[in-house]
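Just below is one structure, and these are the notes that go with it.
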Amino acid sequence: MDASPSPAPSNFVRDIILDDLKSNKYEGRVQTRFPPEPNGYLHIGHAKAICLDFGLADEFGGHTNLRFDDTNPEKEETEYVESIKADVKWLGFHWDGLFYASDYFDQLYEWAMKLIKDGKAYVDDLSAEEIRKHRGTLTEPGKDSPYRNRAAAENLNLFERMRAGEFADGSRVLRAKIDMASPNLNMRDPVMYRIVHAEHHRTGAKWCIYPMYDYAHGESDSIERVTHSICTLEFEDHRPLYNWFIQQLGIFPSRQIEFDRLNLTYTLLSKRKLLQLVQEGRVRGWDDPRMPTLSGIRRRGYTPEAIRNFVASIGVSKTTGVIELAMLEHFVREDLNKRVPRVMAVLRPLKVVIDNYPENQVEEMDAVNNPEDAGAGTRKVPFSRVLYIEQDDFREVPPPKYFRLSPGREVRLRYGYFITCTTVVKNASGEVVEVHCTYDPATRGGNAPDGRKVKSTIHWVSAAHAIDAEVRIYENLFTKEDPNQVEDGQDFTANLNPNSLEIVTGAKLEPSLASAAVGGRYQFERLGYFCVDLDSKPGALVFNRTVALKDAWARVEKKQGAKS
RNA sequence: UGGGCCGUCGACUAAUGGUAGGUCAAGUGCCUUUGGAGCACUUUGUCUAGGUUCGAAUCCUAGCGGCCCAGCCA
């Protein structure tokens, strides 16, 4: 096509903002908000919303508020608001205003009184059960409540007494008076306020009536003069109601725009289900590195840049789709590859003795810290007669296309020497427990002066110098692409992967890692990207595998396995 | 079944009546002191049927398929 750089990535929400800017609809203002309910930890799906809300405002010199949608005191806690703030910051965004829907409870109450006076709202004495029966079904219209036509004065009196705490939970509600026959169920006189005698994390015992989402959300947007209220697709049916309240009240007309929420293969993004995993102890907490929460992903070693790049690449639309997990993994690898130092670590050690290497000799070999970053420099790695290599890097009987060490075969020890396997030592059950080799002194550093080639380079660690570590290897938390796909009578926990966590205890690391600090990220050469876990202590290091390197041999092996 | 929304390579997403393109995945080759990274190339797509038009992924009609809604949750 043309040689110009690819056009700025756009999407339909951005296009709407662009149009509004062009027509000067809001005097050039762009005001968004990110409105989480503090009833759980944020997950990668929220990251998409955050990038949109903050990203679009940033792009057009607008503003974004962080607003906690705290209208349900029974589920909300300050622990969650703190974690949410930390996660937003970690992702790299800064809010302009920090608000709570509960900041607006007084205003919301006054507006409710106005709607009552205008004959647009009424107190209903029906029980929850009766209200449901009166609501009708998808195909049949609802029936009016017998209390629907109470006089405004009576409604006012009752509503004030609801607030005053005269009535029991669930005994009455305030409802908007719209249309019980609407084909949109949300318009069949939705509940605006319910009675809940519960301590609220911010307002304490001040209120015993709490506004419902539909009444609180749009009004909060309006109070903050939000121009573009971006939310997910399931709220599409609520938009007429969102607009109805704003219209009746005659307040600032915020506009709701809906996009598709993120779905990922092998992943559950439902706060309710994630809570269940935590409560049932299926994972070690909200920040378990297997969790799709931002705190879990962070602990796993993902970077905010990787997540932002991922979100930017998946786009925004209204089609309900599922992103392949491989897409996310690609963006972590891409980011970590550029920034993270290389290091040698052996997860499952196999002892190698180099018979012709001097008994007590130790050499300091030069190793490149990051071939992608010349500025990262080099380090010294000790080499000696007894080493550990990866068990996977030796086969007594090599399968076809296997290039690593096997009897009679010569390979390169990275930054070390060429070695050739001579003999093996087996234990009583016939397993190879030790491999003997000879080395070629002329190949120091890994180059053969005679120009001969080897088909493989493997990593190693000097046995006498190695430090021990625990390494936690993670696989997908679920075995099915769609964890919700279950047999009758089962729930999603039936799809939990029993092998999602493997703890490797005897790993051997090169000595430079002794000073690795919590959060530090590394590439263990040929294995993957790893980071130092929160549980790590000096002398008792613990690493998480963030993501494995792409493994061409694994693919070959799999193909061979499939054939046989 | 009433209403709302949505159908473009295996996945995600562009093309806004005018050359169906990008990313991921998959495959092939090159290169390589990481079977990593990188580079090059390749395969596969407009849900169906009609219509409007010089020209349709785009507009119209009808089908088909998917998602969401009957909380005093958000």
Side-chain angles (χ1 to χ4, degrees), chain A residues 1 6-7 9-12 15 35-37 39 69 71-72 74-75 124 126-128 131-133 135-142 169-175 182-188 190-196 209-210 212-214 216-217 231-240 258 260 265 271-272 310 313-331 333-334 337-338 342 344 367-368 371-372 401-404 412-416 418 443 445-447 454-459 523-528 548-556:
Chain A
M1 296 241 154
S6 56
S10 196
N11 60 62
F12 80 99
D15 291 342
E37 183 189 9
N39 68 342
D69 228 328
T71 57
N72 184 353
E74 291 175 312
K75 289 187 178 171
D124 195 343
L126 255 27
S127 69
I131 286 178
R132 184 164 51 77
K133 281 184 184 150
R135 186 151 32 226
T137 67
L138 294 179
T139 50
E140 308 155 38
D169 287 7
S171 58
R172 274 172 242 261
V173 291
L174 183 72
R175 291 231 254 169
S182 172
N184 181 345
L185 295 261
N186 294 118
M187 300 298 272
R188 320 246 261 226
V191 173
M192 294 170 61
Y193 273 92
R194 74 283 214 191
I195 302 173
V196 181
I209 57 172
Y210 290 93
M212 299 286 291
Y213 166 86
D214 283 306
H217 196 91
C231 66
T232 45
L233 249 27
E234 68 271 24
F235 292 102
E236 225 155 9
D237 287 341
H238 295 244
R239 187 172 359 110
E258 311 86 10
D260 67 308
T265 56
K271 278 202 267 185
R272 204 205 93 228
F310 165 70
S313 86
I314 60 175
V316 183
S317 71
K318 299 189 68 147
T319 41
T320 307
V322 187
I323 310 283
E324 290 172 352
L325 191 59
M327 182 81 110
L328 212 211
E329 292 180 338
H330 164 79
F331 283 95
R333 288 196 190 98
E334 181 186 64
N337 175 51
K338 282 180 287 196
R342 272 60 170 173
M344 288 198 285
V368 173
E372 304 293 319
K401 300 272 183 64
Y402 183 88
F403 303 141
R404 281 113 94 149
R412 171 167 40 232
L413 292 177
R414 179 145 234 228
Y415 304 125
F418 283 15
T443 58
N447 287 306
V454 286
K455 298 221 43 167
S456 178
T457 300
I458 65 177
H459 60 277
Q523 184 196 100
F524 290 180
E525 292 222 22
R526 302 207 305 130
L527 298 176
L549 249 25
K550 283 206 268 183
D551 188 344
W553 164 242
R555 273 202 294 270
V556 172

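Under the 90° criterion around 0 for the glycosidic angle, B:rG71 counts as syn.
Residue A:Ile209 is out of contact with every strand shown, counting any heavy-atom pair closer than 4.0 Å. Residue A:Lys271 is out of contact with every strand shown, counting any heavy-atom pair closer than 4.0 Å. Using a 4.0 Å heavy-atom criterion, one finds that A:Tyr402 contacts the bases of the nucleic acid, with or without backbone contacts as well. Contact annotation for A:Tyr415: base contact, defined as any heavy-atom pair under 4.0 Å involving a base atom. Note on A:Ser127: a base of the nucleic acid sits closer than 4.0 angstrom, heavy atoms only. Using a 4.0 Å heavy-atom criterion, one finds that A:Gln523 contacts the bases of the nucleic acid, with or without backbone contacts as well. Here A:Asp214 lies out of heavy-atom contact (under 4.0 Å) with every strand. At the heavy-atom level, A:Glu37 lies under 4.0 Å from the strands shown only through sugar-phosphate atoms. Within 4.0 Å (heavy atoms only), A:Val454 reaches no atom of the nucleic acid at all.
Distances shown here put a side-chain N or O of A:Thr71 below 4.0 Å from the OP1 or OP2 atom of B:rA74. Here A:Arg412 does not reach the OP1 or OP2 of B:rG35: none of its side-chain N or O atoms lies under 4.0 Å away. Here A:Arg132 does not reach the OP1 or OP2 of B:rC72: none of its side-chain N or O atoms lies under 4.0 Å away. The side chain of A:Arg188 places no N or O atom within less than 4.0 Å of a non-bridging phosphate oxygen (OP1 or OP2) of B:rG3.
Residues satisfying the side chain to side chain contact (heavy atoms under 4.5 Å, CB included) test with A:Arg526, not counting sequence neighbours, are A:Asp393, A:Arg404, A:Ile458, A:His459. With sequence neighbours left out, the side chain to side chain donor-acceptor pair (under 3.5 Å) criterion links A:Asn447 to no other residue. Listed by chain and number, the residues in a salt bridge (Lys or Arg N to Asp or Glu O under 4.0 Å) with A:Glu258 are A:Arg239, A:Lys318 (sequence neighbours excluded). Residues passing the side chain to side chain contact (heavy atoms under 4.5 Å, CB included) test with A:Met212 are A:Val191, A:Arg194, sequence neighbours excluded. In this view, A:Arg132 and A:Glu129 satisfy the side chain to side chain donor-acceptor pair (under 3.5 Å) rule, not counting sequence neighbours. When the side chain to side chain contact (heavy atoms under 4.5 Å, CB included) test is applied to A:His238, the partners found at least two apart in sequence or on another chain are A:Asn186, A:Asp214, A:Phe235. For A:Ser171, the side chain to side chain donor-acceptor pair (under 3.5 Å) criterion is met by no residue, not counting sequence neighbours. Evaluation of the side chain to side chain donor-acceptor pair (under 3.5 Å) rule for A:Arg188 yields no partner, not counting sequence neighbours. When the side chain to side chain contact (heavy atoms under 4.5 Å, CB included) test is applied to A:Leu126, the partners found at least two apart in sequence or on another chain are A:Asp124, A:Glu130, A:Ile131, A:His134, A:Ser145, A:Pro146, A:Tyr147.
The separation of B:rA15 from B:rA40, taken at their C1' atoms, amounts to 26 Å, rounded to a whole angstrom.
Side-chain proximity of A:Ile314 to B:rA37, B:rC5, B:rC12: nearest is B:rC12. Each of B:rA74, B:rG36, B:rC6 was ranked by its minimum atom distance to the side chain of A:Asn337; first place goes to B:rG36. Among the nucleotides B:rC72, B:rU13, B:rA14, the one closest to any side-chain atom of A:Val173 is B:rC72. Checked against B:rU34, B:rG4, B:rA74, the side chain of A:Glu236 finds its nearest nucleotide in B:rG4.
With rounding to the nearest 0.5 Å, the separation of CG in A:Asp260 from CG in A:Leu233 is 6.5 Å. Once rounded to the nearest 0.5 Å, the distance linking NZ of A:Lys338 with CD of A:Glu372 reads 9.5 Å.
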Polar pairs (N or O, both sides) under 3.5 Å between protein and nucleotides 22-31 of chain B?
none

How would RNA chain B look in dot-bracket form, 5' to 3', counting Watson-Crick and G-U wobble pairs with both distances under 3.5 Å and writing | for bases paired to another strand?
.((((((..((((....[..)))).(((((.......)))))....(((((..]....))))))))))).....
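Between A:Trp553 and A:Phe403, the gap from one ring centroid to the other reaches at least 6.0 Å.
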Contact pattern, 5' to 3', of nucleotides 64-69 of chain B - B, S or - by protein heavy atom under 4.0 Å
---SBB
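With the nearest nucleotide of RNA chain B identified for both A:Leu126 and A:Ile323, A:Ile323 has the one nearer the 5' end. Where A:Val191 and A:Lys401 each meet RNA chain B at their nearest nucleotide, the meeting point lying more 5' is that of A:Lys401.
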